[in-house]
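Quick notes on the structure that follows.
Bear in mind that the values here come from a model prediction, so they are computed numbers and not experimental data. Worth knowing before you read on, the calculation uses all heavy atoms, side chains too, and leaves out hydrogens, waters and symmetry mates.
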Amino acid sequence: EESTYVRSIHEEVEPFVTSIRELIPTSYFRSFCDKFAMAFTDGYYDALIRLKRISEQGAQQLLLDVYNIKTLLMKLPVLERGSSIVSPKKPGAAGSTIAPAMYTKMVTKQFRRIETLLKLVSTPNELLIDVFKVQWVGGSALDLQSVMTLKGMNRPAQAAMLEKFGMDPQTALKGAAAGVSGATIVNERVQAFQGKSSDVAAKVNSDLNQMRQKVDDFRRSFR
């Protein structure tokens, strides 16, 4: 059975979304659903990796909760006040009970990373590396470490896993010794993005200063 908070989400989201649908044009409502689903799943994922630890039983319960929430978000574009979904109709038609294909694809992709994270947390340690490489295609050492942190693995075990993943022993030891938490990972990603933005701004300012200098030199040559 789903957790209590999931039922609360249903009680809040359904009337809110149906109210929005009555207030804005259909084209705007579709955009609203896209942005709402994207923001919700991003927030849910970040909330998970900020946790200190998730037990195997907790991961299984969260997978059940995620399935229930996914079902809710899948039907957002076709929710209507006081209506019940009983039979499928053509997407986009009046009273349709099938969400647009692009929306369904986006929601499925968003939930896949959440489901993958939880499945990895409940994976036995001895199988973690192999399962991680298969299920988290393109996953980095930082992603693996976030999984190990949620599993509650100690530092020596994390270092051994990182070395098995392909990191050199010294780097693996440093990474495990850092004791990276989910919250730290989120902050580092934000800081990395901000750092890139700062680099771009600095480059633009440098180019502008060089341009001003060239203009000044050009003017002096005619004095």
| request: Not counting sequence neighbours, list each pair that qualifies as a ring pair (Phe, Tyr, Trp, His ring centres under 6.0 Å) and has a residue in residues 47-68. | output: none

| query | Is Gln110 reaching over with its side chain to a backbone N or O of Phe40, donor-acceptor style, under 3.5 angstrom? | reply | no

| said: Which heavy atom of Met153 sits nearest to which heavy atom of Gln158, and what is that distance? | reply: O-NE2, 3.1 Å

| Does the pair Glu56/Lys151 count as a salt bridge with the N-to-O cut at 4.0 Å? | no

| field | Close side-chain approach of Phe36 to Phe16, heavy-atom, < 4.5 Å | value | yes

| message | Please say yes or no: joined through hydrophobic side-chain contacts below 4.5 Å, possibly via intermediate residues, are Met38 and Leu79 part of one cluster? | response | yes

| query | Can you name the residues that form a side chain to side chain donor-acceptor pair (under 3.5 Å) with Tyr44, not counting sequence neighbours? | reply | Tyr5

| said: Checking the side chain of Asn68 only, and the main-chain atoms of Asp65 only, is there a donor and an acceptor separated by less than 3.5 Å? | reply: no

| said: I want to check something: taking the side chain as every heavy atom from C-beta on, are Arg30 and Pro77 in contact at a cut-off of under 4.5 Å? | reply: no

| request: Give the cluster check for Leu48 versus Leu64: same hydrophobic cluster or not, with ILVMFWY residues linked at side-chain heavy-atom distances below 4.5 Å. | output: no

| query | Is it true that atom CD of Glu126 has more than 12 heavy atoms of other residues, nucleotides or ligands lying nearer than 6.0 Å? | reply | yes

| query | What are the two closest heavy atoms between Ile49 and Leu150, and how far apart are they? | reply | CA-CD1, 4.2 Å

| task | Compare all side-chain heavy atoms of Leu144 with those of Trp136 and state whether any distance is below 4.5 angstrom. | result | no

| field | Flag side-chain contact, heavy atom, 4.5 Å: Tyr28 against Pro25 | value | yes

| task | Indicate if Leu63 and Leu127 have the same hydrophobic cluster label, given that clusters are the connected sets of ILVMFWY residues with side-chain heavy-atom separations under 4.5 angstrom. | result | yes

| Sidechain-backbone polar pair: Ser140 side chain, Asp143 backbone, donor-acceptor under 3.5 Å | yes

| task | Fit a plane to each ring of Phe132 and Phe165, take the angle between them on a 0 to 90° scale, and name the class: parallel (under 30°), tilted (30 to 60°) or perpendicular (over 60°). | result | perpendicular

| query | Charged N to carboxylate O below 4.0 Å: is that the case for Asp42 and Arg113? | reply | yes

| Would Glu12 and Arg7 pass as an ion pair if we require N to O under 4.0 Å? | no

| Can you name the nearest heavy-atom pair linking Val78 to Ala99, along with the distance? | CG1-N, 4.1 Å

| said: Less than 4.5 Å apart, side chain to side chain, heavy atoms only: is that true for Arg155 and Met148? | reply: no

